[in-house]
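Worksheet: the structure to be examined is printed underneath.
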Amino acid sequence: MYSVFAVDDEPIVLEGIRSKIDWEGSGFTFAGEATDGEIALSMIHEIKPDILITDIKMPFMDGLQLSEAIKKTQPWIKIIILSGHDEFDYAKKAISIGIEDYLLKPFTPDELLTSLNKTAAQIDKERKQLSDISRLREELKTSEALIKKEFLNNLVHGSEEMNTVIQKSSELGLNLISRYYKVLISRIDSRTGNINNQQEACSLLNSYSTAISEAVSFFHHSNLMVCIFKGSTQAELDDNTFRAAETIAHIATKNEDCVVFTAIGKTVEHLSQLKTSYEDAKSILDKNTSNAGNVKDAASNRIISSDDINEDETTTGTSQAASEYLDISENDPLVDRLKYAGKNDISAIIEESMTLIRNNPGQFKVFASYILVDLIFAVSKLIEKLGGDMKQLNPEILQRKFIDDAVQDEKNFTNILEQVLNFALEYRDSKMTGKYGDVILKAKKFIEENYADQNTTLTTVAEAVCLSPNHFSAIFSQECKTTFIEYLTNVRMENAKRLMRETDMKGYDIAYECGFSDPHYFSYIFKKNTGLSPREYKLSVDK
């Protein structure tokens, strides 16, 4: 399957692309859409599709600007340009940027599908070439590659003569002069211990390494990729580093058997200090070597930066409050849900509980008691992990009488559920003293307050928490176990369902109320997430 993202400022064109193609039957998936380049850029950054279809002329950021930005950050994405008959000059410029194909408007579904198939064939060809393990081995054996690797390896280990570094780097075609530096190390592992899969992923990374902005890289051992980043400002350096960390993870995990752990060293101000940044990153990596022995259990890629850890934590690991909160591992799905639930999720949890009860008429007290006991048990485990004791914090809810009183009637039961959930979330939030915790909570609060705004994007939320979009995206995905786009969409979906349950608003009004600019797209996303159209969902809750 190849994922496809579409951008056009004409909703009718987007609707045609979305609805006139048998996506799954054709071997593609429709990953998302946007009506202008600015919004599309942040979404594409998160979704990372294989193919982008974009109109040339659009407000704010046109298709050419979008294509140039995408080629810089995600060079593997193939781009199909849509243009009118009077836009041929634009199309010629697009070709120079490196697009794969362009279609003249109006176009038929068959013409679009032909273009998609041609682009997919190109992707297959490149993947086959780039995953050729022998190619990596041969490239690494060349004299120039060996000399460059030895030079860079000596540089990060502090064994290169500093008075000749600039001259040697110039001879090797490397421009290392900058204001700030940072070293990144990515370890690529196979979940199943399959060395061929690991080497294929490393080969793919090696082939795309020149596309990583403001960095030089080399492989240290067979599965450790070391990158030296430079930047004229610390903000620029952070942005480049985190963008690259996500790019490395995305490329390597095109092989689904692989997982990537990336460690980012502290910022330094001179080439002679690269050793400090390298050892900093290596220390973070070494402290997480236990993951390498249990790669099959790794749920997702990890990115840890030294700059996000307090000075005294560099040698001892992350702060106790942050690590205990963020690394909770429980089999109880409710515990996992409570770790990152926002206030807006409370009504959804209560509604799910009531749905279970209503599906079993005549057994209210039995099912209500079961649900409440399960919730109290999950809350107790969460609080224990955060260093608290339910017996001291809220002994009342551990009493049998509390449960018996709560299940006397539906209204009282829902009030008690809300009370227990609020208690859990408030205690959890009070323990969020780590830097990541504060960022996540502030971001979720911003989303909760602004999900209805169509302009709420990765970029606007990142600005609200004072991080670059790439840095914020990495932290959010890592700590919330979901991408920013998926989380925002879920918040909008839950509020849409709430409005359908509690109001008589029309579907298109709910779409606008929940931050969707196009009611047709809202219906598409709603069905994709719930399995029901908005109308079908509304009918099911009205019964």
Side-chain angles (χ1 to χ4, degrees), residues 330-382 390 396-425 428 448 451 480-482 486-507 509-511 513-514 516 522-543:
E330 293 286 347
N331 293 325
D332 188 340
L334 185 53
V335 174
D336 193 58
R337 188 171 183 182
L338 289 176
K339 284 190 297 178
Y340 301 111
K343 293 288 186 181
N344 57 293
D345 294 315
I346 289 178
S347 61
I349 295 173
I350 293 174
E351 181 58 30
E352 288 166 16
S353 300
M354 296 310 300
T355 298
L356 177 62
I357 291 171
R358 290 165 188 152
N359 288 339
N360 295 273
Q363 302 183 64
F364 173 78
K365 288 190 176 183
V366 174
F367 277 87
S369 297
Y370 171 82
I371 288 168
L372 184 54
V373 169
D374 186 50
L375 175 61
I376 292 171
F377 183 59
V379 169
S380 298
K381 283 196 287 185
L382 179 67
M390 184 69 89
E396 177 191 356
I397 70 174
L398 298 176
Q399 303 299 316
R400 182 70 212 181
K401 184 177 184 301
F402 179 81
I403 296 168
D404 290 340
D405 291 344
V407 300
Q408 293 305 310
D409 59 70
E410 183 174 316
K411 182 178 180 180
N412 190 50
F413 176 65
T414 55
N415 287 337
I416 292 298
L417 284 183
E418 185 174 3
Q419 175 187 322
V420 173
L421 287 165
N422 274 316
F423 165 75
L425 268 55
R428 177 205 68 188
E448 190 174 331
Y451 71 86
C480 297
K481 312 305 178 191
T482 185
E486 289 169 345
Y487 182 84
L488 176 61
T489 300
N490 182 62
V491 170
R492 286 171 166 165
M493 285 293 104
E494 291 300 330
N495 279 280
K497 288 190 281 187
R498 174 181 57 80
L499 291 173
M500 287 182 189
R501 292 192 303 267
E502 299 175 0
T503 73
D504 294 324
M505 291 174 65
K506 301 294 184 183
D509 288 328
I510 290 176
E513 186 70 20
C514 293
F516 292 91
F522 165 69
S523 296
Y524 167 76
I525 292 295
F526 192 93
K527 187 162 187 176
K528 183 178 179 181
N529 279 266
T530 66
L532 299 172
S533 68
R535 183 174 179 277
E536 290 168 338
Y537 183 87
K538 179 70 172 174
L539 290 173
S540 70
V541 297
D542 286 342
K543 287 182 179 179

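Predicted model, so just to flag it, every value in this text is computed and none were measured.
To the nearest 0.5 Å, atoms CG (N415) and CG (D409) are separated by 8.5 Å. Here the straight-line distance linking atom CZ of R358 with atom CZ of F367 works out to 14.5 Å at 0.5 Å rounding. With rounding to the nearest 0.5 Å, the separation of CD in E352 from OG in S347 is 9.5 Å. With rounding to the nearest 0.5 angstrom, the CG atom of L417 is 10.0 Å from the CG atom of N412. Rounding to the nearest 0.5 Å gives a distance of 11.0 Å between CG of D404 and CZ of F402. One finds the OG1 atom of T355 at 11.5 Å from the CD1 atom of I350 (value rounded to the nearest 0.5 Å).
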For this session: Apply side-chain contact (heavy atoms from CB on, under 4.5 Å) to K497 and T530, showing your working.
Result: CA-CA 10 Å; K497 288 190 281 187; T530 66; 4.3 Å; yes
Exercise for review: Step by step, work out the side-chain contact (heavy atoms from CB on, under 4.5 Å) result for E536 and F526.
Suggested key: CA-CA 11 Å; E536 290 168 338; F526 192 93; over 6 Å; no
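For Y370, the OH atom sits in a loose shell: 12 or fewer heavy atoms of surrounding residues, nucleotides or ligands are nearer than 6.0 Å. Other residues, nucleotides and ligands place more than 12 heavy atoms under 6.0 Å from the CG atom of N359.
In this structure, the side chains of C514 and E494 stay at 4.5 Å or more apart for every pair of heavy atoms. Between Q408 and K365 there is a side-chain heavy-atom pair separated by less than 4.5 Å. Looking only at side-chain heavy atoms (C-beta outward), S353 and L375 stay at 4.5 Å or farther from each other. Between F413 and M354, the closest side-chain pair of non-hydrogen atoms falls below 4.5 Å. Side-chain contact between I357 and E410 is absent, with no heavy atoms from C-beta onward closer than 4.5 Å. Residues I346 and E418 have side chains in contact (heavy-atom distance under 4.5 Å, counting atoms from C-beta outward).
Listed by chain and residue number, R501 satisfy the side chain to side chain donor-acceptor pair (under 3.5 Å) test with Y537 (two or more places apart in sequence, or in another chain). Under the side-chain contact (heavy atoms from CB on, under 4.5 Å) criterion, Q399 pairs with no residue, sequence neighbours left out.
In this structure, the side chain of T414 engages the main chain of K411 through a donor-acceptor pair within 3.5 Å.
Of all non-hydrogen atoms in I525 and T489, the two that sit nearest each other are CG2-CG2, 3.8 Å. When all heavy atoms are compared, the tightest approach of T503 to K538 is O-NZ, 2.6 Å. For the residue pair M505 and L499, the shortest heavy atom distance occurs at SD-CD2, 4.2 Å. V407 and F364 get closest at one heavy-atom pair: O-CE2, 3.3 Å. Nearest heavy atom pair, residue F522 against residue P534, reads CE2-CG, 3.9 Å.
For the residue pair R498 and N495, a side-chain donor N or O sits within less than 3.5 Å of a side-chain acceptor on the partner.
For the pair E513 and K506, the salt-bridge criterion is not met [side-chain N within less than 4.0 Å of a carboxylate O].
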